[in-house]
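Structure record follows, encoded as structure tokens.
For the numbers below, each heavy atom of this structure counts, side chains included, while hydrogens, waters and symmetry mates do not. So that the names make sense, note that chain A is the first sequence line, chain B the second, and so on, each numbered from 1. What you see is a predicted model; the values in this text were computed from it and never measured.
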Number of protein chains: 2
Amino acid sequence: MTTLLKQNIASHISLSDTEMEGFCNLFQHKTIQKKSFLLREGEVCKFEGFVTKGLFRVYHIDKNGLEQILYFAIENWWITDIDSFTNESPSQLFIEAIEDSEVLVISKKDKEFAYSNLPKIEKLFRVMTQKTHVALQRRMIDNLSKTAESRYIEFLEKYPKLVQRLSNIQIAAYLGITNVFLSNIRKKIAVRK
Amino acid sequence: MTTLLKQNIASHISLSDTEMEGFCNLFQHKTIQKKSFLLREGEVCKFEGFVTKGLFRVYHIDKNGLEQILYFAIENWWITDIDSFTNESPSQLFIEAIEDSEVLVISKKDKEFAYSNLPKIEKLFRVMTQKTHVALQRRMIDNLSKTAESRYIEFLEKYPKLVQRLSNIQIAAYLGITNVFLSNIRKKIAVRK
DNA sequence: TTTATTTATTAAACTAGTTTAATGTTTTGA
DNA sequence: TCAAAACATTAAACTAGTTTAATAAATAAA
């Protein structure tokens, strides 16, 4: 049940078997059907989750009803709204299953218990947050400096497996463009080949 | 010398006097002249810094020579390229003083020393990285969902003091638009009032 | 199996933001 | 204190990306 989670943790820090067990036992297993939500806008995010099966999208809907996808999460990825979770504030985000999915979730209370009783967990989340932040910083630079076309091409190269599981509507919402414009880009690329 | 730093740390976590002294002693004081660089593209970022005086901009120059400002840092803010610093990879960023400035810097080695000898420091940077990440995530959503005009207005409201110390060129580079377009926005707003 | 819904594509008109260039103003530094 | 450099504004032509709408194809649901 928690094999994938243990592997994931071990890739960030090293824990003794007892520590690992102790921490992983704090997680609960959840099954989420396609098109249902782990979190909706306005709710306070009370969990941090680790995806063991399936695929999620984490997105925002702006006042014009347009959807911006912050990130996707497949097997071996973590999901939460860190803003809402840490500040206990209403979330601006939706977290929705794109496929039938399974997640291991830890509550805020149990996470705080881990912070105080297993000092290395502090390091785990320090390291993970750093990596997430680096990824977002790179994406920010890309969004500011690159055209939609090269962002699309790089997305295809970086996540070839993921792409196959997504619609073009979802890819466009991640790239920050309309699906109509993505269609134009795709045509342009196809003609070139 | 380190009063501001101590206050800043105390706003995130609580440390005993000895811990606080021990940690702050790892920092070195640096004076940086206006228009000179704490970090240039291609260099590995070997420090994490805390600004005690002045103003910096952290930016990227894309292949067309256009500048994108990731963030500004004034007194009481931290600066580093967390990507280059943690991965010891060549930086994509420039960190440049906009005014004559002063910084307290800690080296990677000393920071790691602190992580292993002062467990609460792990928490300090976990908490700080989380906050930075939340801020960047909010900005990402704004950049994807709002017009340049409303991003400009919100920037003015959020950082009124900072604005007075920046040129419009710099503000435009932060907002992700040209200074020409920012001028148009400013005119439009002025007419409305 | 049939119908309804979602998805992808195309076209055409449109708009937010860019580019280039010129002009005046302010700041800087020697 | 004077010349050079950096800055802000304006105009006009341009382009990357949007909007709306229509059509065909694929998927899901009944």
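Rounded to whole Å, atom P of C/dT26 lies 15 Å from atom CD1 of B/Ile169. Between the CD atom of B/Glu149 and the P atom of C/dG17 there is a distance of 9 Å, rounded to whole Å. Rounding to whole angstrom units, CD of residue B/Glu99 and C1' of C/dT27 are separated by 15 Å. The interatomic distance linking B/Leu144 (CG) with D/dG17 (C1') rounds to 14 Å, in whole Å. Summarising the geometry, the separation between CG on A/Leu175 and P on D/dA16 is reported as 17 Å, rounded to the nearest angstrom. Here C/dT28 presents its P atom at 11 Å from CG of B/Asp100, a figure rounded to the nearest Å. Rounded to whole angstrom, the span from the CD atom of B/Gln170 across to the P atom of C/dT27 amounts to 14 Å. The distance from atom CG of B/Leu182 to atom P of C/dT19 is 15 Å, rounded to the nearest whole Å.
Side chain to side chain, A/Asn8 and A/Asn76 meet the donor-acceptor criterion of an N or O pair below 3.5 Å. Side-chain contact of B/Arg57 with B/Tyr174: a donor-acceptor pair under 3.5 Å is absent, judged by distance alone.
Here the NZ atom belonging to A/Lys63 is positioned 7.5 Å from the OG atom belonging to B/Ser145, to the nearest 0.5 angstrom.
At the phosphate of C/dT28, OP1 or OP2 sits under 4.0 Å from a side-chain N or O atom of B/Lys34. Listed pair A/Thr178 / D/dT18 meets the phosphate criterion, a side-chain N or O lying under 4.0 Å from OP1 or OP2.
Taking for each of B/Ala148 and B/Lys35 the nucleotide of DNA chain C with the nearest heavy atom, the 5'-most of the two is the partner of B/Ala148.
Here B/Lys6 pairs with B/Glu21 in a salt bridge; the nearest charged N to carboxylate O distance falls below 4.0 Å.
In this structure, the nucleotide among D/dT18, D/dA11, C/dA11 sitting nearest to the side chain of A/Val180 is C/dA11. Distance from the side chain of B/Leu66 is smallest to C/dT19 among C/dT19, D/dC7, C/dA8. Nearest nucleotide to the side chain of A/Phe181, out of C/dG17, D/dT18, C/dT7: D/dT18. Side chain of B/Arg186, nearest nucleotide from D/dA16, D/dT9, C/dG17: D/dT9. For B/Asn168, whose side chain is taken as the heavy atoms from C-beta onward, the closest listed nucleotide among C/dA11, D/dG17, D/dT9 is D/dT9. Picking from C/dT10, D/dT10, D/dA16 the nucleotide with the shortest atom distance to the side chain of A/Lys187 gives C/dT10.
For the pair B/Lys111 and B/Phe125, the cation sits on the ring face: its NZ or CZ lies under 6.0 Å from the ring centre, inside 45° of the axis.
Taking the six-membered ring where the residue is Trp, B/Phe23 and B/Phe27 present perpendicular rings, their angle passing 60° and hence far from 30°.
No option in B/Lys53, B/Lys35, B/Arg165 other than B/Arg165 meets the salt bridge (Lys or Arg N to Asp or Glu O under 4.0 Å) test with B/Glu99. Evaluated for a side-chain contact (heavy atoms from CB on, under 4.5 Å) with B/Thr86, the options A/Gln130, A/Lys131, A/His133 yield exactly one hit, A/Gln130.
Taken over five-pair windows at either terminus, the axes of the helix from C/dT1-D/dA30 to C/dA30-D/dT1 are inclined to one another by 60° (rounded to 10 degrees).
B/Ser183 comes within contact range of at least one nucleobase, with a heavy-atom separation under 4.0 Å.
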